[in-house]
Amino acid sequence: MSPIVAPSAAAKQAEQLKLDGNNYFQKNRFGAAIDAYTEAITLCPNVPIYWTNRALCHRKRNEWTRVEEDCREAIQLDHTSVKAHYMLGLALLQKEQYAEGVRELAKALDLGRGANPKSYMVEEIWQELAKAKYLEWEHESSRRTWELKKLKETCESALKERHERDSSQIEGFIDRSTSLLKQLDALGRVFRKAAEDDTPTEVPDYLCCKITLDIFRDPVITPNGVTYERAVILDHLEKVGKFDPVTREPLKPFQLVPNLAIKEAVHAFLDKHGWAYRMG
């Protein structure tokens, strides 16, 4: 009969197994790390980090189904886990479940910004979310393009059939071919217009930070009406000086206010154009 391990002893043993797993992970021994984390989970299944650590190992091995399973378990235990939402989003993208993947990455980004806006992981999640939104747009764009192509072909075929039918019934009627060409040309213009939203578009200047020239993530506005990316202007105020880099007027961090209008405009632009603009 196996000895009964007291809860405190089990927790201590599980933590040691986690440390062992971390050590294996740093040495790229992902199989051994998975075994260690699995033992820790067996002892203490209610600790979210054991699940996310194992998910990270599965991610390194491209075992995306297992990544998804472990991350869902972690989220059940802690719905605020940035890593769990992040890796779940990546796993869903691998399954081409773009909408769900984007939703999980967006959740991870919001949670990450709330916990530590300057974290390297926030920037990493933003980059992955940008690519995910592009993939989502590309997938939907391909589907719409195919549907428009089939519809255009059907309409063209119907016009040609009508032209042939009318031509056979009406003798001596001239300019039927010219009329058909005009109709086909008009039809082409209609479908080209319908396809415009699936054409990549440059990001308008007013949606970009004046310092980085990159699209806004978390825009804030100064008392003088200039909008900056929050992390960038805070870095300027800390390292360069307490002044507005554009107007040169005195500026302190507490004076920065979220620019909700620009934030909504960015979201609207990205939703419409599918993040066709890619991050560098």
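Values in this document were obtained by computation on a predicted structure and should not be read as measured data. All residue numbers in this chain count up from 1 along the given sequence.
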Next on the checklist: Could you tell me if the side chain of Leu88 sits less than 4.5 Å from the side chain of Val67, heavy atoms only?
Outcome noted: no

Checklist entry - Out of curiosity, Arg59 CZ to Cys71 SG, how far, rounded to the nearest 0.5 Å? => result 9.5 Å

Next on the checklist: On a heavy-atom basis, which atom in Ala33 and which in Cys57 lie closest, and how many Å separate them?
Outcome noted: CB-SG, 3.6 Å

Next on the checklist: Does Gln76, at its CD atom, have more than 12 non-hydrogen atoms belonging to other residues, nucleotides or ligands within less than 6.0 Å?
Outcome noted: no

Item to check | Contacts of Glu249 that satisfy salt bridge (charged side-chain N to carboxylate O under 4.0 Å, His left out) - sequence neighbours left out | outcome: none

Item to check | Distance in Å, Lys263 NZ paired with Asp218 CG, rounded so as to fall on 0.5 Å steps | outcome: 5.5 Å

Checklist entry - Can you hop from Tyr98 to Leu92 via hydrophobic side chains spaced under 4.5 Å? => result no

Checklist entry - If you round to the nearest 0.5 Å, how far is CG of Asn23 from NZ of Lys18? => result 13.0 Å

Next on the checklist: If you compare all heavy atoms of Leu93 against all heavy atoms of Leu105, which two are closest, and at what distance to 0.1 Å?
Outcome noted: CD1-CD1, 3.9 Å

Item to check | Spatial distance of atom OH (Tyr37) from atom OG1 (Thr52) [nearest 0.5 Å] | outcome: 9.0 Å

Item to check | With Glu69 via side-chain hydrogen bond (donor to acceptor under 3.5 Å, both in side chains) - residues at least two apart | outcome: none

Checklist entry - If Ile, Leu, Val, Met, Phe, Trp and Tyr residues are connected whenever their side-chain heavy atoms lie under 4.5 Å apart, and connections chain through other members, are Ile34 and Leu43 in the same group? => result no

Checklist entry - Between the main-chain N or O of Glu153 and the side-chain N or O of Ser157, is there a donor-acceptor pair closer than 3.5 Å? => result no

Item to check | Exercise: identify the closest heavy-atom pair between Ile211 and Pro245 | outcome: CD1-CG, 3.9 Å

Checklist entry - How far apart are the C-alpha atoms of Asp35 and Tyr24, what are their side-chain angles, what is the distance that settles it, and do they pass the side chain to side chain donor-acceptor pair (under 3.5 Å) test? => result CA-CA 10 Å; Asp35 290 341; Tyr24 291 136; over 6 Å; no

Checklist entry - Leu56 and Ile49: same hydrophobic cluster, using ILVMFWY side-chain contacts below 4.5 Å? => result no

Checklist entry - Does the side chain of Arg72 come within less than 4.5 Å of Trp51's, by heavy atoms? => result no

Checklist entry - salt bridge (charged side-chain N to carboxylate O under 4.0 Å, His left out) with Lys60: which residues, sequence neighbours excluded? => result none

Checklist entry - Got Val246 and Thr222 here, is their nearest side-chain heavy-atom distance under 4.5 Å? => result no

Item to check | Gap between atom OG1 of Thr80 and atom CG of Asp110 - 0.5 Å precision | outcome: 13.0 Å

Next on the checklist: Any heavy-atom pair between the side chains of Asp214 and Cys208 that's under 4.5 Å?
Outcome noted: no

Checklist entry - Got more than 12 heavy atoms from elsewhere within 6.0 Å of NZ, Lys107? => result no

Checklist entry - Taking the side chain as C-beta and beyond, is there a heavy-atom pair between Val220 and Val257 under 4.5 Å? => result no

Next on the checklist: Any heavy-atom pair between the side chains of Pro258 and Arg230 that's under 4.5 Å?
Outcome noted: yes

Checklist entry - Run the side-chain contact (heavy atoms from CB on, under 4.5 Å) check on His85 and Ile75 step by step: do they pass? => result CA-CA 7 Å; His85 285 288; Ile75 290 170; 3.6 Å; yes

Item to check | Polar contact flag, side-chain donor to acceptor under 3.5 angstrom, Glu73-Tyr50 | outcome: no

Item to check | In one Ile/Leu/Val/Met/Phe/Trp/Tyr side-chain cluster, 4.5 Å: Leu111, Ile125 | outcome: yes

Checklist outcome for this item: Shortest non-hydrogen pair, Glu229 vs Pro219, comes out as OE1-N, 4.3 Å

Item to check | Distance-minimising heavy-atom pair for Glu128 and Leu90 | outcome: OE1-CD2, 3.7 Å

Item to check | Any Leu256 side-chain heavy atom under 4.5 Å of Ile233 side chain | outcome: yes

Next on the checklist: Looking at every heavy atom in both Pro223 and Leu251, which two are closest together, and how far apart are they?
Outcome noted: CD-CD1, 3.7 Å

Item to check | Audit row: Glu68, Lys95, side-chain contact (heavy atoms from CB on, under 4.5 Å) steps and yes/no | outcome: CA-CA 10 Å; Glu68 179 182 356; Lys95 296 169 63 177; 3.1 Å; yes

Item to check | Distance in Å, Met87 CE paired with Asp70 CG, rounded so as to fall on 0.5 Å steps | outcome: 8.5 Å

Item to check | ILVMFWY cluster, Val266 and Leu109 together (side-chain gap under 4.5 Å) | outcome: yes

Checklist entry - Checking side-chain contact (heavy atoms from CB on, under 4.5 Å) for the pair Ile41/Arg54: CA distance, chi angles, key distance, verdict? => result CA-CA 9 Å; Ile41 289 169; Arg54 191 171 72 173; 3.7 Å; yes

Checklist entry - Can you check whether Pro253 reaches Lys242 side chain to side chain, under 4.5 Å on heavy atoms? => result yes

Checklist entry - Can you check whether Ala261's main-chain N or O pairs, donor with acceptor, with Glu264's side chain at less than 3.5 Å? => result no

Next on the checklist: Determine whether Ile262 and Ile221 satisfy the following criterion, side-chain contact (heavy atoms from CB on, under 4.5 Å), listing intermediate values before the conclusion.
Outcome noted: CA-CA 9 Å; Ile262 289 294; Ile221 189 168; over 6 Å; no

Checklist entry - Looking just at side-chain N and O atoms, do Asp20 and Gln16 make a donor-acceptor pair shorter than 3.5 Å? => result yes

Checklist entry - Are Phe30 and Phe25 near enough that their ring centres are under 6.0 Å apart? => result yes

